[in-house]
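Read the structure below first, then the notes.
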Amino acid sequence: MDDLIIEFLTETNESLDELDVDLVNLEQNPNDKDLLGKIFRLMHTIKGTCGFLSLPRLEKVAHHAENVLGRFRDGDLEVTPDYVTLILESIDRIKYIIGELEANGAEPDGSDADLIAKLDAVYEGKTAEAPKPAAQPERELVPGEVSLEELEAAFAAAPGPGDMAPPPAPAPKKPELAKASGNDEGSEGQKESSVSAQTLRVNVDVLENLMTMVSELVLTRNQLLQILRSNAESEFSAPLQRLNHVVSELQEGVMKTRMQPIGNAWSKLPRIIRDLSMELGKKINLEMRGQETELDRQVLEMIKDPLTHMVRNSGDHGIEPPAERVAVGKPEMGRILLNAYHEGGHIIIQISDDGKGLSLGKIKKKVLENGLATSEELDAMTPQQIQQFIFKAGFSTAEKVTSVSGRGVGMDVVRTNIEKIGGSIELSSTEGKGSTFTIKIPLTLAIVSALIVEAGAERFAIPQLSVRELVMISEHGDNRIEHIKGAPVFRLRDRLLPLVSLNNILKLEPVEAPPPEDGAEAELTRRDNNRYIVVTQVGAYEFGIIVDRVFDTEEIVVKPVATILKNMPLFSGNTILGDGSVIMILDPNGIANTTGGIEATDVQDENEGKETRLATSERKTSLLLFSVGDRAPKAVPLSLVSRLENVKIGDVEYSSGQMMVQYRGTLMPLVPFNPSVSFDGQDDMPVLVFSDKIHSMGLIVSEIIDIIEEHIDVKLGGNQPGLLGSAIINGKATDVVDVAYFLNNINENWFKDHGDQPYGEEDAQGKQRVLLVDDSAFFRNMLTPLLSVAGYEVTTLESPFEALKLCEDGETFDVIISDIEMPDMDGFEFAERVKADSNWQDIPMLALSSHATPQDVDRGLQVGFKNYVAKFDRQTLLAAISRTISESQDNQRQEKAAG
Amino acid sequence: MKQQQLDISYRSKDYLTVMIAGQRFGVPVLQVQDVLRDQRVTKIPLAPPEVAGSLNLRGRIVTAIDVRRKLGVEERKQDAERDNMSVVVEYNHELYSLIIDKVGDVLSLDDSSFEKNPGTLDPVWKDISLGIYQLDGELMVVMDVPKLLNSVHA
């Protein structure tokens with residue numbers, strides 16, 4: 001039978017059952033407009049669909065019944081029991097025809113002339129005539145009569161139509177049964193149940209509830225089996241095995257009820273692609289394979305939006321316009337292929353296009369612009385690693401933002417959503433050839449398989465999905481943990497795997513207390529003795545978790561943790577194990593994020609680690625940590641440091657009391673951070689080089705400790721010269737160094753002597769005037785000396801309100817630099833006010849921000865900022881100020897000339 | 001909800017009395033789901049210090065709260081730990097087990113013996129106490145279970 005007809009039958013059957021009830025209600029509440037409307041609509045739908053499916057007999061009945069209903073609805077006709085009877089009769093007739101259709105795949109022969117005549121009579125208003133009420137003194141009888149006649153006409157041999165008379169609804173059903181049995185006994189049962197019983201609409205809640213119950217059952221079964229294992233002789237053994245099988249089947253069965261074909265999530269895509277190709281003038285062919293692949297509806301819901309987004313991306317960014325395609329020898333019609341299939345316990349979804357692929361050049365440029373990595377770091381990366389940047393927040397390579405994509409919020413959300421359900425996303429792309437995204441997601445989230453491990457005498461579950469492999473480590477030999485400045489790493493085949501110890505991140509006591517006579521070194525190896533590394537993968541990032549023991553894998557049901565424990569990112573939930581104990585489930589994503597904070601390992605891994613780090617926090621700053629003899633570590637923003645050098649003590653020269661060293665063809669002054677530290681007995685000393693265009697200075701320190709990314713929150717109050725204050729960095733109180741102090745301190749006129757002048761002619765007051773508005777005292781203190789040293793006269797203000805007040809007072813500046821994120825009034829609003837109507841509307845403005853998404857940049861330019869500069873990027877800031885002032889002066893000159 | 005009803009409409013209330021560090025406390029009896037003897041508790045690393053761990057109560061996961069630690073009284077001695085008992089309460093559809101020293105009788109107490117918290121009460125205690133009942137020869141602090149649980153946060 002045609003699929004359409006089957007669907008029609010299922011739906012109509014459902015609606016007709018409802019209609020019976022509705023009509024009875026209507027009889028009692030004849031004036032219920034809503035009800036009438038509903039009945040009318042249903043009849044109308046049947047009529048329309050029948051016409052479409054070419055079911056003439058059904059269509060006719062429905063049509064005439066609809067006419068009558070129309071008159072009810074319009075209020076021309078009063079609803080009386082007789083009329084309701086008549087409508088019920090029509091419905092019965094429809095049911096009968098449908099029953100036949102269901103059984104035989106075709107409408108039965110016969111005529112509905114009598115019924116139609118009655119309906120028409122009512123419709124045409126010959127209704128008041130008595131005959132019908134007279135002929136139908138008993139409501140039940142009428143349908144019976146008709147049914148009888150009908151049946152006699154249709155199949156004379158039917159056994160007892162008369163018996164079927166009384167209740168209208170079941171009447172037509174039974175003859176159908178009778179007929180079917182008469183026809184072919186063999187397939188009767190199936191046929192009868194074929195359509196209406198084939199599908200059943202069940203509330204999702206019921207299924208969810210069922211799933212929960214089954215989950216509990218699975219857990220209980222696991223518990224029973226565990227008990228059984230220790231009592232092999234038990235008489236429960238046989239029934240428990242049986243129970244085991246039944247529960248497994250039940251679990252599978254219930255899972256199946258929640259399964260939906262992935263095609264459901266794709267149904268909107270052809271339309272989206274069609275609209276997209278119209279809008280962008282592209283030709284795109286969307287090919288979908290494996291629509292019937294089934295997965296859990298919960299998972300399906302979660303990937304629906306990411307998929308839509310990615311297909312859109314493929315169409316928008318991937319596929320080129322036809323002309324471009326032809327030019328590179330591709331067919332005009334672009335192709336996007338969606339493919340879904342099962343693999344192991346996973347479902348794999350691939351989205352590939354034959355478009356232009358990812359442009360490494362563009363990604364690199366964008367990475368540099370957004371400050372996600374330095375060009376040195378980029379050079380060290382493989383193309384694959386560079387491509388991974390598209391999964392970062394605020395990243396979009398589309399040159400212009402279309403209505404479709406390019407807003408830079410996308411791939412990171414896609415990745416987050418997919419990882420949230422324990423999936424992963426991979427990307428491979430060849431420039432010019434196209435890109436393929438491969439999404440791997442678990443079939444279901446309700447019951448997952450987990451690896452049970454032990455650390456610090458506690459057991460934990462790690463979802464099996466993220467476990468790649470297990471490695472046993474031993475004290476000696478190849479399988480041992482190595483340390484780089486305390487950070488454990490492991491050589492896994494040809495790669496260095498960063499490691500985290502579960503004991504450490506969970507702050508657990510190691511089980512074996514090392515004997516007191518052992519040295520620290522011995523203790524370290526001892527603790528590492530006979531442990532395991534769980535190689536874990538989150539997205540493309542691989543790391544190892546050091547655990548004390550590894551047990552079995554077990555099927556677990558993830559239960560949410562209690563509300564008071566919600567803020568613990570390392571756990572995704574808890575569950576009850578087979579032995580009845582409660583166990584915490586580790587969240588590999590959460591652990592991966594903590595590894596970002598752990599010292600970086602080799603370059604490659606560091607970059608991968610950064611990915612995670614950057615994704616979680618954008619506002620962190622790279623800091624260089626160093627020490628200068630005393631215990632408190634010092635920190636300086638890495639972007640201010642040009643280079644790290646080791647200067648040989650023997651190379652140091654003195655000129656008018658100033659330490660100097662020949663550096664890159666010029667003399668570079670050296671300043672010891674702490675003059676009391678001696679370098680006796682050392683050959684060289686570490687020096688931080690700060691450069692400004694052509695000249696540099698070196699700051700001598702004792703030791704360079706590390707480079708880390710941290711959110712700096714400087715607690716001001718350091719009254720020691722050269723320090724801005726202290727901050728907690730890496731868990732330690734750290735002094736933040738005031739670089740400008742040292743720059744200034746070398747020699748008041750040192751910079752001047754080298755002719756470093758800000759751009760432009762000095763005006764009457766002598767210097768270019770800069771207004772700096774930033775709520776953070778740290779940045780004000782940092783930038784003020786910098787700008788002063790560069791030759792500007794700087795006024796700093798804490799809030800835009802103060803600035804606007806200065807504006808009213810008639811102060812004037814050559815350039816205004818404003819922070820974006822400020823309380824009360826942000827930089828955008830400040831710029832809008834300045835540009836809207838003030839004495840300052842002609843003063844160029846620069847935006848200063850610690851993080852800039854493309855949207856921010858756009859918005860900044862819109863509200864009147866000339867440029868957008870990252871905080872800490874001194875070079876760019878100075879260049880931007882200089883350029884901005886020069887442009888504005890040029891403009892003024894031109895205006896003067898024109899005027 | 002239940003507790004509110006109690007507050008308004010009953011003249012006397014029922015409390016399960018428990019002992020913590022020598023002080024008698026009362027837990028409104030309608031909030032009590034269960035009383036447990038020593039249970040195997042799974043420790044939860046990184047959890048707030050008051051959280052002793054979680055345990056399995058007939059297939060439901062119960063978060064155990066060490067009331068002594070919450071109240072800021074010293075821990076029980078190691079050897080006494082064995083006879084710890086706990087009172088299971090339900091709050092926001094989640095089960096919590098309050099680890100206390102000993103469970104006493106259920107008392108039905110008349111409103112007339114109820115007093116507000118004395119102003120000098122330890123602020124931590126004041127936060128989790130609804131008031132004081134004067135019993136024969138001793139005082140009983142009425143435990144505000146929702147507040148107690150709310151004050152524990154990761």
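Below, read A as the first sequence line, B as the second, and so on, with proteins coming before strands; counting in each chain starts at 1. Everything numeric here is computed off the predicted structure, so don't read it as measured data.
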statement: If you tally heavy-atom pairs under 4.5 Å between each of Lys507(A), Gln223(A), Glu458(A), Arg459(A) and chain B, the highest tally belongs to Glu458(A)

task: Please answer whether the main-chain N or O of Thr563(A) pairs with a side-chain N or O of Glu94(B) as donor and acceptor at a distance below 3.5 Å.
output: yes

task: Could you tell me which non-hydrogen atom of Val582(A) sits nearest to which non-hydrogen atom of Thr42(B), and how far apart they are?
output: O-OG1, 2.7 Å

statement: Heavy atoms of Pro45(B) and Phe571(A) approach each other most closely as O-CE1, 3.5 Å

task: Examine whether an atom of Leu95(B) lies under 4.5 Å from a heavy atom of chain A, and if so say whether it belongs to the side chain, the backbone or both; otherwise answer neither.
output: neither

- prompt: Does a sphere of radius 6.0 Å around CZ in Phe551(A) hold more than 12 heavy atoms from other residues, nucleotides or ligands, not counting ones at 6.0 Å or beyond?
  reply: yes

- request: Show the numbers, then the answer: is there a side chain to side chain contact (heavy atoms under 4.5 Å, CB included) between Asn574(A) and Ile44(B)?
  value: CA-CA 10 Å; Asn574(A) 49 14; Ile44(B) 305 172; 5.9 Å; no

Leading residue by heavy atom contact count with chain A [cutoff under 4.5 Å; candidates Lys43(B), Arg60(B), His93(B)]: Lys43(B)

query: Tell me, side chain or backbone of Thr575(A) under 4.5 Å from chain B's heavy atoms, or both, or neither?
result: backbone

query: Side chain, backbone, both or neither: which part of Tyr91(B) has an atom under 4.5 Å from a heavy atom of chain A?
result: neither

- request: Applying side chain to side chain contact (heavy atoms under 4.5 Å, CB included), run through Ile61(B) and Ile576(A) and close with a yes or a no.
  value: CA-CA 7 Å; Ile61(B) 295 177; Ile576(A) 297 174; 3.7 Å; yes

query: Any chance CE of Met19(B) has more than 12 other-residue heavy atoms, nucleotides or ligands included, within less than 6.0 Å?
result: yes

- prompt: Where do Leu565(A) and Ala47(B) come nearest, in terms of heavy atoms and distance?
  reply: CD2-CB, 3.8 Å

- prompt: chain A heavy atoms under 4.5 Å from Thr63(B): which part of the residue, side chain, backbone, both or neither?
  reply: side chain

